[in-house]
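Fair warning: this is a prediction, and the values are worked out from it, not measured in the lab.
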Amino acid sequence: MVPSDQDGGVMRADLLAESVAGLDEVLTAVDAFDRALAGGLLRPQPAQTAGLTELADAVAGTPLATRAAEAAGKAAAGAASEDDFVALAAARAALLGSVHDALVSRIDEATGRDRGRETAAPAADGQPANLLAAARSWLSDLARCGWQGIDHEVVSGAAHVVSAMLADPALRRQATLLDGFAAELAASCPGASLDRVPVRRWGDLWSRAMLLTVPGAAMAPPTGTATGRLLPLGVDVQEHATAVQAQVHAVFEPADGTAPRLVRAAVSVPKPDTVVGAGLWQLLRPHMSLLAAVGEGRAMDLAEMPVTAEGDLLWSDAQARPGEPADAFATARVVLPTAADAATTPLDRHPARIAVPVFLEGYTVRKADDALTFTVAGHTLTVHTDRIPAAGPLTPEAVASSGACVGLLRWDAGTFGVQPLAVETTVRKKVVALHAGGWAAGTTDKAGVRAEKAATDAVAVLRERAGRLLRK
């Protein structure tokens, strides 16, 4: 671990710049399979057959070797069954899981923090097999026609499956994924006319959805309880046209004096597409008191709060109360270096899901072609300013003038980068902290106030319309 008085805070940026052995070869095998999937596996061409073989060869020597080779052979002959597609999805997921593990190991070295042990997969609990089979059938049809062969008739086959799944809370996770995937595909139909196919993204969605049709794969992981003090670090806001999620990253200090650990708490809500910017907090705020604490710069005292082994708090306002003022940068400087990172469930081992809280200071900011980078101890880190939400006072301009940053370390397009959650910058000769979740408890900022008012009006209109429809 680098002492905090050296450039880069407490992170060894030099380790992040080093190549990871075998990573390129694994990703090449995944890309080869994704290209085969894009063309469809009903009548594979020689190039697609080579891609299938490359995937199977990449997992040789693992427990998946025999089954993956058999599935690849059947797919190359255009005779793959649904179980064969599940095996191919598992092989692809295992390869990306190995990439995840290698990158996380490198991050652990760079931060000097410990990580929890891997958790066991939960057991099946009797989810409706017929609905899972129906979803698997639709996903198999997609694999056979390929992304270049999709049309509205094929994509619409998910509609009745999604409708049936949404009625069962135990299948809500699969239903949400299928619904979003189908909507994305529908917006791209017909596939034959696409100039560019997002093969990696659709390969990710397809393989994940396919594995979630395996009974028990999406069961909630085992939980324990957390009693102690929660010290927020920042909020990651993810917004889509019809939904928004706020995920709070924090350090938890157990009341029993054991070592602190990193945890997360998230809330997701549907939203009208007219509610944007600071108006999002009106939808999120009523569902989790933690957001108000983040906006006010306070800790939270937890009592028997459910928490998974992966560090996800199953938030309940009844088991939390506001605590003393807590500065996120003080937490990042003093407590974060001693906190243990959470383990990752097997199904979530994917490089795109890496989001590790880090603290940086003493860096140099460089801007070129509207892209920001931090130079940390002589090594460059991309700054993901596109992930900064409009629902807070944090801006790319503030990041560009900052001297310290609390952020999430991510990996994208072959390199590590940081997503700012909060920065310290100088305004009128005073050091101030700006947070992505700074407006979570409300704001006096003029733009924020206008957005909140617009959200109030939009939600009121929608509620009135919904009430009229229900009365009919």
A side-chain contact here means heavy atoms from C-beta on lying under 4.5 Å apart; do [X] and [Y] qualify?
X: D34; Y: D204; value: no
X: R113; Y: L262; value: yes
X: H379; Y: L16; value: no
X: L230; Y: R298; value: no
X: F181; Y: L142; value: yes
X: I107; Y: V358; value: no
X: L96; Y: R349; value: no
X: V235; Y: L421; value: no

- Query: Aromatic rings W206 and F85: how do their planes relate, parallel, tilted or perpendicular, breaks at 30° and 60°?
  - Reply: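 Perpendicular, since the angle between the ring planes exceeds 60°.
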
Is there a salt bridge (charged side-chain N to carboxylate O under 4.0 Å, His left out) between D348 and R208? Walk through the geometry before answering. CA-CA 9 Å; D348 290 339; R208 185 171 181 82; 2.9 Å; yes

Looking at R136, E82, R92, which hits side chain to side chain contact (heavy atoms under 4.5 Å, CB included) with M210?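 Among R136, E82, R92, the one that satisfies the side chain to side chain contact (heavy atoms under 4.5 Å, CB included) with M210 is R136.
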
Residue of the set V307, V248, T223, L290 for which side chain to side chain contact (heavy atoms under 4.5 Å, CB included) holds with L313: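 For L313, the side chain to side chain contact (heavy atoms under 4.5 Å, CB included) check succeeds only for V307.
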
- Item | Residue pairs fulfilling ring pair (Phe, Tyr, Trp, His ring centres under 6.0 Å) with at least one residue in residues 300-351, sequence neighbours excluded |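 For residues 300-351, and leaving out neighbouring residues, there are no ring pair (Phe, Tyr, Trp, His ring centres under 6.0 Å) pairs at all.
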
Can you see which heavy atom on [X] is nearest to which on [Y], and at what distance?
X: M305; Y: A320; answer: CE-CB, 3.8 Å
X: E304; Y: T225; answer: OE1-OG1, 3.2 Å
X: P351; Y: H100; answer: N-CB, 4.0 Å
X: P393; Y: H435; answer: CD-O, 3.1 Å
X: L394; Y: P420; answer: CD2-O, 3.8 Å

Whether [X] side chain and [Y] backbone form a donor-acceptor pair below 3.5 Å:
X: W281; Y: A391; answer: yes
X: T415; Y: W411; answer: no
X: S402; Y: V399; answer: yes
X: R200; Y: V30; answer: no
X: S163; Y: A159; answer: yes
X: Q174; Y: L212; answer: yes
X: R106; Y: E18; answer: yes
X: D168; Y: A170; answer: yes
X: S137; Y: A133; answer: no

Identify whether the distance between the nearest side-chain nitrogen and carboxylate oxygen of [X] and [Y] falls below 4.0 Å.
X: D101; Y: R115; value: no
X: R229; Y: E324; value: no
X: R410; Y: D236; value: yes
X: E424; Y: R333; value: yes

Under 3.5 Å, is there a donor on one side chain and an acceptor on the other for Q238 and H240?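 Checked: Q238/H240 side chains show no N/O donor-acceptor pair below 3.5 Å.
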
### Query
Under 3.5 Å, is there a donor-acceptor pair between the T425 and S401 side chains?
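Yes, S401 and T425 have a side-chain donor paired with an acceptor closer than 3.5 Å.
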
*How would you list, by chain and number, every residue that makes a salt bridge (Lys or Arg N to Asp or Glu O under 4.0 Å) with E184, sequence neighbours excluded?*
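E184 satisfies salt bridge (Lys or Arg N to Asp or Glu O under 4.0 Å) with R201 only.
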
Notebook entry, point to check: Just wondering, are more than 12 heavy atoms of other shown residues or ligands nearer than 6.0 Å to CZ in R366?
Noted result: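 No, the 6.0 Å shell around CZ holds no more than 12 heavy atoms from other groups.
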
Using the test side-chain contact (heavy atoms from CB on, under 4.5 Å), find all partners of T385 that sit at least two apart in sequence or belong to another chain.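 Counting only residues at least two positions away or on another chain, T385 forms a side-chain contact (heavy atoms from CB on, under 4.5 Å) with L372, V383, I388, P396.
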
